[in-house]
Amino acid sequence: QVQLVESGGGLVQAGGSLRLSCAASRSIFTIGVMGWYRQAPGKQRELVATITKGGSTNYADSVKGRFTISRDNAKNTVYLQMNSLKPEDTAVYFCNADIILRIGEVSHDYWGQGTQVTVSS
């Protein structure tokens with residue numbers, strides 16, 4: 001098994017910045033799409049951004065121009081740089097990755113444990 005370990009959440013004032021990181025806990029064969037999702041209290045989990053192994057990105061309209069997703073394939077790590085944060089960005093942020101553990105195996109979907117981001121007004 002493998003875990004996705006997240007870090008970088010916290011409390012920030014509106015207009016501030018945070019950088020989230022998510023890394024696989026051990027060596028694996030390869031990772032396909034990686035992404036970040038978030039879930040605010042009383043709401044469904046929603047897509048924030050995704051990035052393919054080749055670097056193609058996709059963003060929710062609500063974060064375009066403010067958030068940047070990136071990845072380091074050598075480190076099996078994905079990042080989310082969040083700038084110009086707003087109170088409505090407050091949520092638990094979850095890392096997601098499509099992982100193939102060993103050569104010849106099929107991919108499986110993995111989730112991190114979540115990291116809290118709180119933006120005060």
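Sequential numbering from 1 along the given sequence is applied to the chain's residues.
- Looking at heavy atoms from C-beta onward, Val48 lies out of side-chain contact with Met82 at the 4.5 angstrom threshold.
- Side-chain atoms of Tyr79 and Asp72, non-hydrogen and from C-beta on, do get closer than 4.5 Å to each other.
- Looking at residues two or more places apart in sequence or on another chain, you find no ring pair (Phe, Tyr, Trp, His ring centres under 6.0 Å) involving Tyr110.
- Remark: Gln116 CD is packed, more than 12 non-hydrogen atoms of other residues, nucleotides or ligands lying under 6.0 Å away.
- The salt bridge (Lys or Arg N to Asp or Glu O under 4.0 Å) test applied to Asp89 returns Arg38, Arg66, not counting sequence neighbours.
- When the side chains of ILVMFWY residues are joined at heavy-atom separations under 4.5 Å, either directly or via intervening members, Val92 and Phe67 end up in two distinct hydrophobic clusters.
- Of all the heavy atoms in Ala97 and Ile31, the pair that sits closest is CB-CG2, 3.9 Å.
- Contact between Ser107 and Asp98 at its shortest, heavy atoms only, is OG-OD1, 3.2 Å.
- Residues in residues 15-35 take part in these side-chain hydrogen bond (donor to acceptor under 3.5 Å, both in side chains) pairs, two or more places apart or across chains: Ser17-Asn83, Thr30-Lys53.
- Environment of CD in Gln13: sparse, with no more than 12 heavy atoms of neighbouring residues, nucleotides or ligands closer than 6.0 Å.
- Expressed to the nearest 0.5 Å, how far CD1 of Ile28 lies from CD1 of Ile103 amounts to 12.5 Å.
- Using a 30° and 60° split on the angle between ring planes, Trp111 and Phe94 fall in the perpendicular class, above 60°.
- Asn76 has its side chain out of reach of Val2: every pair of non-hydrogen atoms, C-beta onward, lies at least 4.5 Å apart.
- Two residues are said to be in side-chain contact when any heavy atoms from C-beta on lie closer than 4.5 Å; Ile99 and Leu4 meet this criterion.
- Residues Tyr59 and Leu20 share a hydrophobic cluster, clusters being chains of Ile/Leu/Val/Met/Phe/Trp/Tyr side chains in contact below 4.5 Å.
- The two residues Ile69 and Ala49 have their closest heavy-atom pair at CD1-O, 3.6 Å.
- When every heavy atom of Thr77 is checked against every heavy atom of Ala23, the shortest pair comes out as OG1-CB, 3.5 Å.
- When hydrophobic clusters are built by joining Ile, Leu, Val, Met, Phe, Trp and Tyr residues whose side-chain heavy atoms come closer than 4.5 Å, directly or via intermediates, Leu85 is grouped together with Leu80.
- One finds the SG atom of Cys22 at 5.5 Å from the CE atom of Met34 (value rounded to the nearest 0.5 Å).
- Taking every heavy atom of both residues into account, Val33 and Thr50 meet most closely at CG1-CB, 4.0 Å.
- Among the candidates Val78, Ile51, Asn96, the single residue satisfying the side-chain contact (heavy atoms from CB on, under 4.5 Å) test with Trp36 is Val78.
- For the pair Thr90 and Ala40, the tightest heavy-atom approach, listed with the atom from each and the gap, is O-CB, 3.7 Å.
- Considering CZ of Arg71 and OG1 of Thr57, their distance stands at 12.0 Å, rounded to 0.5 Å.
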